[in-house]
Protein chains: 2
Amino acid sequence: MTAVVRRSLLDDLAASMLGLIADRKLAVGDQFESVRSLAERFKVAVPTVREALRRLEAIGALELRHGSGVYVGPNVGRLVLANPLALKPTADRLVELLQARALIEPPVAALAAKARSEDALAQMEADLVQAAELIAAGDHDRLAEINMDFHRALAQASGNATLAEVVESVTVVNVREQLEILHIHGDRETDLAEHHAILAAVRAGDDVLAEQLTRAHLDGVLAVINDRVNP
Amino acid sequence: MTAVVRRSLLDDLAASMLGLIADRKLAVGDQFESVRSLAERFKVAVPTVREALRRLEAIGALELRHGSGVYVGPNVGRLVLANPLALKPTADRLVELLQARALIEPPVAALAAKARSEDALAQMEADLVQAAELIAAGDHDRLAEINMDFHRALAQASGNATLAEVVESVTVVNVREQLEILHIHGDRETDLAEHHAILAAVRAGDDVLAEQLTRAHLDGVLAVINDRVNP
DNA sequence: ATGACCAAGTGATCAGATCAATTTCATGTC
DNA sequence: GACATGAAATTGATCTGATCACTTGGTCAT
């Protein structure tokens, strides 16, 4: 019954490359080896190497830059990731996505209030400063992105990398569409104020409040959207 | 500042292929086109097509079966997925993963108690029946997998596909290692009883109880593991 | 110093061929 | 007629080798 594990040449190649990266302790952004060099190293043809590279590239473990080289991507060693080829979602699917965020992020905020990773707190602070500037400048597109960043930084503050990955995934997929919704949702000053309140609660280590504020924040967005979809 | 969107040939190819699948309304498992046929259709060389296919294959949108053909994979249209090339996690990372599950799954159980998707309830029931059989048969490996299935079915019952994907992702990555932990954790009859209690709470529509039971269930596992890692 | 320019390195794509696994179907035996 | 056998067609896997296109670093003239 247990299917024979037929490791294709490609599986081996991909695994070996990840092994190489790990062995050399390469960090995100570091240059890897050239395609030709890899082909020679593993005694396989160039197209085969490239197929393996494409596989790794698809999940963000590597990056191929034309004319430059192969580099270590941001998703090396990640467990959960967003589908980089996600199609345009239906309205229902988008509501589900927001609902998922409203369910996951509040308890993460509570955890963040207990862990309070320094770097992440600084990042959240920086995001809020930048958000205020963007509101003043009227650049609503970048503002929406920075606001997403705030949510990601909040998850980072939890100190749990897996949770951060989950939150990152649900805030990255269908960004375009999520941003549209946030534009509809609208009140930018209120959003900023709520974010400030969340950060303050996290800083104070008040996990209950942080959770409550985050829930109220996301439920607010959700309520607006639900009205639009189910009038 | 706004990076020029340089769509490589590959990006276009991959997108076009997804478009083809969508247009033809192909379902998971359906056969797609042959590599040669795709090469001719898009007027590109075979290796190029294959690179695009590999990219789609990496995220589970397609499947290439030697000698048979190209088929639609299970992850088409998914938003969140588990890194199929995740490396072996450190002990700390594994604890984090469990912690993430303990934080996410209980509220999902609560939602499931409110939604109660029929199919998922039947699946949970089936999982428990099978689990009982496997306990009797002493097949602990398959038992552990079925128990994971139960958690996935529970998430399905929430009726929220995105949440189901998130839970599926965290229960699929590093399965091997998670299963080992569950083996350590041990008491199989207790696990089964707890699963039964959760299902009953969901059936009864008691969201508070379902959440509480699920939390207790996962925290129990987590406590055991934490003792092992930090003695 | 500054800028234009050239050359080496590297990824991107192509073309065609061969090997290997699966599926299909004609064949033949019982 | 049912079923096992095996050859042929289909299809993915890999190779070889070449050419095009992009990036980068250094050279050289100003």
Side-chain angles (χ1 to χ4, degrees), chain A residues 3-18 20-21 24 26 28-74 76 84-85, chain B residues 3-18 20-21 24 26 28-74 76 84-85:
Chain A
V4 182
V5 185
R6 47 165 75 268
R7 302 219 307 277
S8 83
L9 180 51
L10 231 58
D11 292 331
D12 289 344
L13 264 184
S16 299
M17 288 177 181
L18 285 180
L20 270 185
I21 293 174
R24 297 180 187 170
L26 294 183
V28 174
D30 287 355
Q31 184 160 11
F32 192 39
E33 279 192 33
S34 78
V35 172
R36 291 171 177 82
S37 157
L38 287 168
E40 190 181 353
R41 169 189 296 277
F42 294 114
K43 306 293 181 204
V44 295
V46 167
T48 309
V49 171
R50 290 183 61 80
E51 286 188 29
L53 288 174
R54 284 299 179 199
R55 175 183 290 193
L56 293 173
E57 184 205 44
I59 62 173
L62 287 179
E63 211 173 302
L64 306 200
R65 297 185 205 153
H66 192 170
S68 179
V70 181
Y71 297 82
V72 178
V76 140
L85 280 67
Chain B
V4 182
V5 185
R6 49 168 73 268
R7 302 214 309 277
S8 83
L9 179 51
L10 231 57
D11 292 331
D12 290 344
L13 263 184
S16 298
M17 287 177 182
L18 284 180
L20 270 185
I21 293 175
R24 298 179 186 170
L26 294 182
V28 174
D30 287 355
Q31 185 160 11
F32 192 38
E33 280 191 34
S34 77
V35 173
R36 290 170 179 83
S37 157
L38 287 168
E40 190 180 354
R41 167 188 298 276
F42 293 114
K43 305 292 183 206
V44 296
V46 168
T48 308
V49 171
R50 290 183 61 80
E51 285 188 29
L53 289 173
R54 285 298 180 201
R55 174 182 288 193
L56 294 174
E57 184 205 45
I59 62 173
L62 287 179
E63 211 173 301
L64 280 71
R65 299 188 202 150
H66 192 172
S68 179
V70 181
Y71 297 81
V72 178
V76 147
L85 282 68

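Quick note on labels: first sequence line is chain A, next is B, and so on, each numbered from 1. Remember, it's a predicted structure, so these values are computed and weren't measured experimentally. Values below: every heavy atom of this structure, side chains too, minus hydrogens, waters and symmetry copies.
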**Q** In which ranges does DNA chain D form stems of 3 or more consecutive Watson-Crick or G-U pairs, distances under 3.5 Å?
**A**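 Result, WC/G-U stems under 3.5 Å: C:1-30 with D:1-30.
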**Q** Any idea which heavy atoms bring B:Leu56 and B:Ala14 closest together, and the distance?
**A**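 Shortest heavy-atom separation between B:Leu56 and B:Ala14 comes out as CD1-O, 4.0 Å.
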**Q** Calculate the interatomic distance between A:Leu13 atom CG and D:dA13 atom P; express it in whole Å.
**A**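 Between P of D:dA13 and CG of A:Leu13: 13 Å.
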**Q** Please figure out whether A:Gly67 or B:Tyr71 has its closest DNA chain C nucleotide nearer the 5' end.
**A**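 Closest to the 5' end, via its nearest nucleotide, is A:Gly67.
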**Q** I want to verify a distance call: between D:dT24, D:dT14, C:dA12, whose nearest atom is closest to the A:Leu10 side chain?
**A**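 Closest nucleotide among those given: D:dT14.
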**Q** Closest heavy-atom contact between A:Ala58 and A:Pro84?
**A**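 Result for this residue pair: O-CG, 3.4 Å.
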**Q** A:Asp11 CG to D:dG12 P: how many Å, rounded?
**A**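 It is 17 Å, rounded to the nearest whole Å.
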**Q** Could you tell me whether A:Glu40 atom CD has more than 12 heavy atoms of other residues or ligands within 6.0 Å of it?
**A**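 No, the 6.0 Å shell around CD holds no more than 12 heavy atoms from other groups.
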**Q** Quick one: A:Arg50 CZ to C:dA15 P, roughly how many Å, whole number?
**A**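 My rounded result for the distance is 16 Å.
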**Q** Nearest whole Å is fine: how far is D:dT14 C1' from B:Arg54 CZ?
**A**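 Answer to the nearest Å: 10 Å.
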**Q** Return the residues of residues 34-49 of chain B meeting this criterion: a heavy atom under 4.0 Å from some atom of DNA chain D. Order them by number, or give none.
**A**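 Listed by number, they are B:Ser34, B:Val35, B:Arg36.
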**Q** Among C:dT13, D:dA21, C:dT22, find the nucleotide with the atom closest to the side chain of B:Ser68.
**A**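 Out of C:dT13, D:dA21, C:dT22, the nucleotide with an atom closest to B:Ser68's side chain is C:dT22.
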**Q** Using a cut-off of 4.0 Å on non-hydrogen atoms, how would the nucleic acid contact of B:Glu63 be classed: base, sugar-phosphate, or nothing?
**A**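 If one applies the 4.0 Å heavy-atom cut-off, B:Glu63 turns out to touch nothing in the nucleic acid.
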**Q** So which atom in A:Leu18 and which in B:Leu85 form the shortest heavy-atom distance, rounded to 0.1 Å?
**A**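 Shortest heavy-atom contact: CD1-O, 3.6 Å.
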**Q** Please walk me through it: do A:Phe42 and A:Asp12 pass side-chain contact (heavy atoms from CB on, under 4.5 Å)?
**A** CA-CA 10 Å; A:Phe42 294 114; A:Asp12 289 344; over 6 Å; no
**Q** Hey, could you give me the CD/CD distance between A:Glu63 and A:Glu57, rounded to the nearest 0.5 Å?
**A**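 Reported value, rounded in 0.5 Å steps: 8.0 Å.
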**Q** Could you grab the distance from atom CG of B:Leu62 to atom CD1 of B:Ile21, nearest 0.5 Å is fine?
**A**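 CD1 of B:Ile21 is found 4.5 Å from CG of B:Leu62.
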**Q** For B:Arg50 and B:Leu64, work out which heavy atoms get closest and say how close.
**A**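 The pair with the smallest heavy-atom distance is NH1-CD2, 4.5 Å.
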**Q** Rounded off to whole Å, could you give me the CD-to-P distance for the B:Gln31 and C:dT22 pair?
**A**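 These atoms are roughly 14 Å apart.
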**Q** Counting C-beta onward and ignoring hydrogens, is there a side-chain heavy-atom pair between A:Glu33 and A:Arg24 closer than 4.5 Å?
**A**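 A side-chain contact exists here, since the closest heavy-atom pair is under 4.5 Å.
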**Q** Rounded to whole angstroms, how far apart are CG on A:Leu64 and C1' on D:dT23?
**A**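 About 14 Å, once rounded to whole Å.
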**Q** Please report the distance, rounded to the nearest Å, between CZ in A:Phe32 and P in C:dG11.
**A**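 Distance, rounded to whole Å: 11 Å.
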**Q** Given atom CD of B:Glu57 and atom P of D:dG12, what is their separation to the nearest angstrom?
**A**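 These atoms are roughly 12 Å apart.
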**Q** Base of D:dA13, side chain of B:His66 - is there a donor-acceptor contact under 3.5 Å?
**A**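 Answer no: no donor N or O sits under 3.5 Å from an acceptor.
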